[in-house]
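Indexing begins at 1, ligand by ligand and atom by atom, following the structure's order. Because the structure is predicted, anything quoted here is derived from the model rather than measured.
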Amino acid sequence: MSTKCIFCDIRDGIIESEIIFENDSCFVINDIEPKASIHMLVIPKKHVNLITEFSNIDFDIFNDLFKAISSCSKISNINSSGYRVSINQGKNSGQMVDHLHLHLLGGNQLGEMV
Ligand code: 5GP
Ligand code: ZN
């Protein structure tokens with residue numbers, strides 16, 4: 001059954017998306033509208049939106065999120081050329097999907113951070 005959350009629906013196989021990488025706590029997909037040559041989304045399996053909603057137990061998820069970043073930067077060969085990891089939180093950041101996710105961007109020279 002659809003959950004009204006795109007990323008939960010992808011997790012549950014309701015919306016089709018190739019899973020590039022997966023570990024106990026998270027999965028990785030390509031962004032549907034890539035902002036760089038490589039643009040992956042590292043998504044916790046558990047639906048949590050804001051970092052401030054995380055409990056102490058949930059913070060363990062960040063171990064797996066950053067392990068996934070490490071693996072995916074190697075898989076996609078951007079480890080040596082460099083990459084950016086970003087998280088949008090709330091209205092002023094322009095966050096569109098209310099399910100926490102890390103953007104992994106690289107493969108070309110990235111613009112300045114705003
Ligand atoms: P946010 O702005 O919330 O940090 O980023 C959400 C990202 O999810 C955007 O870069 C957007 O392109 C991507 N996105 C939105 N819907 C889908 C989808 O259905 N599939 C995939 N693969 N990416 C999506
Ligand atoms: Zn969700």
If you count the non-hydrogen atoms of other residues, nucleotides and ligands that lie under 6.0 Å from CD in Glu16, is the total more than 12?
no
Does [X] reach the main-chain N or O of [Y] with its side chain, forming a donor-acceptor pair under 3.5 Å?
| X | Y | answer |
| --- | --- | --- |
| Lys45 | Asn23 | yes |
| Asp12 | Ile14 | no |
| Arg84 | Gly111 | yes |
| His99 | Pro44 | yes |
| Asp9 | Ile15 | no |

Quick one: do the Asn49 and Gln95 side chains pair a donor with an acceptor below 3.5 Å?
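On atom types as modelled, these side chains qualify, holding a pair under 3.5 Å.
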Nearest heavy-atom neighbours spanning Leu50 and Gly90:
CD2-N, 4.4 Å
Would you please indicate yes or no on a ring centroid separation below 6.0 angstrom for Phe7 and Phe27?
no
Residues in contact with ligand 1, criterion: heavy atom under 4.0 Å
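Lining ligand 1 at under 4.0 Å, by heavy atoms, one finds Ile6, Phe7, Ile10, Ile29, Asn30, Asp31, Ile32, Glu33, Lys35, Leu41, Asn88, Gly94, Gln95, Met96, Val97, His101, His103.
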Excluding waters, which protein N, O or S atoms are within less than 2.8 Å of the Zn ion (ligand 2)?
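Correct list: Cys5 SG, Cys8 SG, His47 ND1, His99 ND1.
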